[in-house]
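Okay, structure first, notes after.
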Number of protein chains: 2
Amino acid sequence: MSAQDAALPTPRSLARAETERLILKAAEDVFAEYGFKGATTGKIADRAGIPKANLHYYFSTKESLYRQVVENIFQIWLDAANTFDDCDDPEEALTRYISAKMDISRQHPMGSKVWANEILHKAPVIQDYLETTLGDWTDTRIAVIKRWIAEGRMAPIDPRSLLYMIWATTQHYADFNHQIHTLNHGAPLSDAQFETAKATVVAIILAGVGIRPAGLGKQKNGSGA
Amino acid sequence: MSAQDAALPTPRSLARAETERLILKAAEDVFAEYGFKGATTGKIADRAGIPKANLHYYFSTKESLYRQVVENIFQIWLDAANTFDDCDDPEEALTRYISAKMDISRQHPMGSKVWANEILHKAPVIQDYLETTLGDWTDTRIAVIKRWIAEGRMAPIDPRSLLYMIWATTQHYADFNHQIHTLNHGAPLSDAQFETAKATVVAIILAGVGIRPAGLGKQKNGSGA
DNA sequence: CGTCTTCTTGACCGTTTGGTCAGGTTTCGT
DNA sequence: ACGAAACCTGACCAAACGGTCAAGAAGACG
């Protein structure tokens with residue numbers, strides 16, 4: 001029970017980390033659903049199952065809690081961004097990157113919504129990330145795409161517009177999932193429907209930039225459900 | 001009920017219409033920037049240049065004002081949607097539709113942001129529009145695309161995923177324009193840059209669904225950035 | 001000019017919200 | 001066991017908000 005505790009976190013700090021994780025999860029959900037202003041510390045505390053005053057013991061202000069949530073999302077996004085660099089083949093790099101971003105939209109829709117909200121409202125909290133980290137990442141990836149084009153491995157499209165298209169499409173499945181659910185007769189996309197969407201996005205992009213011929217993907221064609 | 005009474009607006013009713021238009025424009029901007037909760041009737045009144053109490057004389061509640069703004073946007077969106085049906089050639093129909101939606105994003109970014117905010121927060125105000133008008137429009141357009149595919153005029157991609165891709169990409173230029181500006185070194189896209197983006201989106205989509213060969217569009221020739 | 005309607009506005013009110021605080025309870029090293 | 005430190009919480013507060021109201025100002029009409 002206590003043999004290996006010596007070098008490990010104490011039960012106290014473990015409990016603290018667990019409570020913080022609980023609050024952050026609740027905060028992510030509430031901020032995503034109501035926006036920064038619409039979210040109240042009371043609602044977040046309720047969803048976390050603790051009194052409001054206790055929430056303020058762990059996060060002194062609503063804004064610091066929000067910042068923490070946004071930074072977590074950005075980290076997840078950055079991890080996925082690295083899948084772009086895992087290989088130098090445009091077909092595999094784009095396929096992996098699109099797939100990774102689609103998976104994030106499926107598994108972290110709330111985080112994506114918080115991010116969208118932040119940008120929509122002129123990024124009052126994470127403007128510096130946009131200018132530094134995101135700007136640098138974009139510039140280097142554009143250089144890679146330009147090289148692929150120069151090497152004749154892709155059609156000569158505008159790289160920046162391509163990146164925006166990938167971001168927009170993949171995040172759409174998180175940010176607008178309420179609209180997608182509604183148009184799907186009120187039900188969330190099934191796994192099969194989502195895989196169809198993912199394959200279609202990959203197929204259109206790859207064919208669109210001349211890497212693969214059009215319409216040859218794994219077209220099962222069935223919308224299922 | 002003499003018909004001429006309604007056809008001849010008095011100076012009084014003209015002034016009224018003008019004031020309402022002023023308030024609606026201010027409301028669109030403020031709702032777009034701060035969201036429904038973040039927007040305050042005081043801010044809207046300030047931007048319209050009138051006292052808050054006067055705003056409430058024209059729009060009794062914040063919610064009725066918001067509803068009016070959202071319905072105006074939806075109407076603009078519907079008008080553009082009809083460009084899809086102007087002809088039966090997939091190349092021209094898709095080109096026109098994408099161009100129309102891109103132009104809306106450029107000319108009505110605030111309206112698009114209000115719409116995005118509404119969907120993001122589960123469409124508390126316009127859920128019925130989603131289920132009826134938008135649902136019907138989507139279904140009929142999917143049928144058209146399926147016919148084009150059956151006739152061999154398009155690659156067999158999933159039509160719904162294609163529509164979502166078009167919506168996502170075109171609206172991205174409005175909803176995320178702050179991010180786009182930031183990545184453009186703080187400046188809005190120039191007309192030339194925007195035309196490049198529009199042409200790239202059209203080229204990738206058309207090549208992606210097998211209508212045009214990849215990379216043959218008007219990329220980077222006439223309109224240098 | 002008189003009166004009726006429409007419009008304008010500063011002052012005000014009840015409610016909600018982010019955040020505080022004092023006092024209590026649990027945990028932990030010694 | 002015991003005191004200190006960490007944790008928990010009901011009650012509270014000042015600020016901000018949506019909306020109201022009464023008292024007027026400005027046209028419209030005869």
Side-chain angles (χ1 to χ4, degrees), chain A residues 1-24 26-31 33-70 117 121 124-125, chain B residues 2 4-6 8-24 26-27 29-31 33-70 117 121 124-125:
Chain A
M1 248 192 197
S2 58
Q4 70 269 40
D5 283 355
L8 293 175
T10 70
R12 205 58 181 266
S13 68
L14 266 182
R16 177 172 195 115
E18 175 62 16
T19 304
E20 282 179 357
R21 204 194 53 77
L22 197 72
I23 294 173
L24 283 169
E28 181 177 305
D29 290 351
V30 175
F31 280 132
E33 184 162 349
Y34 299 97
F36 177 75
K37 259 287 186 178
T40 69
T41 53
K43 262 185 223 155
I44 295 172
D46 280 353
R47 180 147 340 185
I50 59 175
K52 189 180 67 163
N54 198 11
L55 181 148
H56 276 92
Y57 174 76
Y58 284 93
F59 296 90
S60 57
T61 69
K62 182 185 178 183
E63 195 170 325
S64 70
L65 175 54
Y66 178 73
R67 177 169 245 113
Q68 191 67 226
V69 169
V70 173
N117 234 307
H121 300 355
V125 169
Chain B
S2 45
Q4 66 273 22
D5 283 350
L8 292 177
T10 69
R12 206 61 181 262
S13 68
L14 266 181
R16 176 169 197 118
E18 175 61 15
T19 304
E20 282 178 356
R21 205 194 52 77
L22 197 72
I23 295 173
L24 284 168
D29 290 351
V30 175
F31 280 132
E33 185 162 347
Y34 300 97
F36 178 75
K37 261 283 187 177
T40 70
T41 54
K43 263 185 223 156
I44 295 172
D46 280 353
R47 180 148 338 187
I50 59 175
K52 189 180 67 166
N54 198 11
L55 182 147
H56 276 93
Y57 174 75
Y58 286 94
F59 296 89
S60 57
T61 68
K62 182 184 178 184
E63 194 170 326
S64 70
L65 175 55
Y66 178 73
R67 176 170 246 113
Q68 192 67 226
V69 169
V70 173
N117 234 307
H121 301 354
V125 169

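Note on naming: letters A, B, ... go to the chains in the order of the sequence lines (proteins, then strands), and numbering restarts at 1 for each one. Basis for what follows: all heavy atoms, side chains included, without hydrogens, waters or symmetry-related copies. Just so it is clear, the structure is predicted and the values come from calculations on it, not from any experiment.
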Would you say Y66(B) and T61(B) make side-chain contact, with heavy atoms under 4.5 Å? no
Using a 4.0 Å heavy-atom cut-off to protein, can you give one letter per nucleotide of nucleotides 18-23 of chain C, 5' to 3': B if the base is in contact, S if only the sugar-phosphate is, - if neither? BBBB--
Any D46(A) side-chain heavy atom under 4.5 Å of V30(A) side chain: no
How close or far is atom P of dT8(C) from atom CG of L22(B), stated in whole angstroms? 11 Å
Should Y58(B) be listed as having a side-chain N or O under 4.0 Å from OP1 or OP2 of dT8(C)? yes
How many whole angstroms separate atom OH of Y34(B) from atom C1' of dA16(D)? 15 Å
Separation of dA26(D) C1' from N54(B) CG (nearest whole Å): 13 Å
Side-chain N or O of R16(B) less than 4.0 angstrom from OP1 or OP2 on dC7(C)? yes
Not counting sequence neighbours, which residues clear side-chain hydrogen bond (donor to acceptor under 3.5 Å, both in side chains) with H56(B)? List them please. none
Both conditions, 6.0 Å and 45 degrees, for the charged tip of K62(B) above the ring of F36(B): are they met here? yes
Can you confirm whether H121(B) sits close enough to N117(A) that some side-chain heavy atom of one is under 4.5 Å from a side-chain heavy atom of the other? yes
If I take atom CD in residue E18(B) and atom P in nucleotide dT8(C), what distance separates them, rounded to the nearest angstrom? 12 Å
Any side-chain N or O of Y57(A) under 4.0 Å from OP1/OP2 of dC8(D)? no
In whole angstroms, how far is the P atom of dT17(C) from the CZ atom of F31(A)? 13 Å
Is any side-chain heavy atom of D29(B) closer than 4.5 Å to one of I44(B)? no
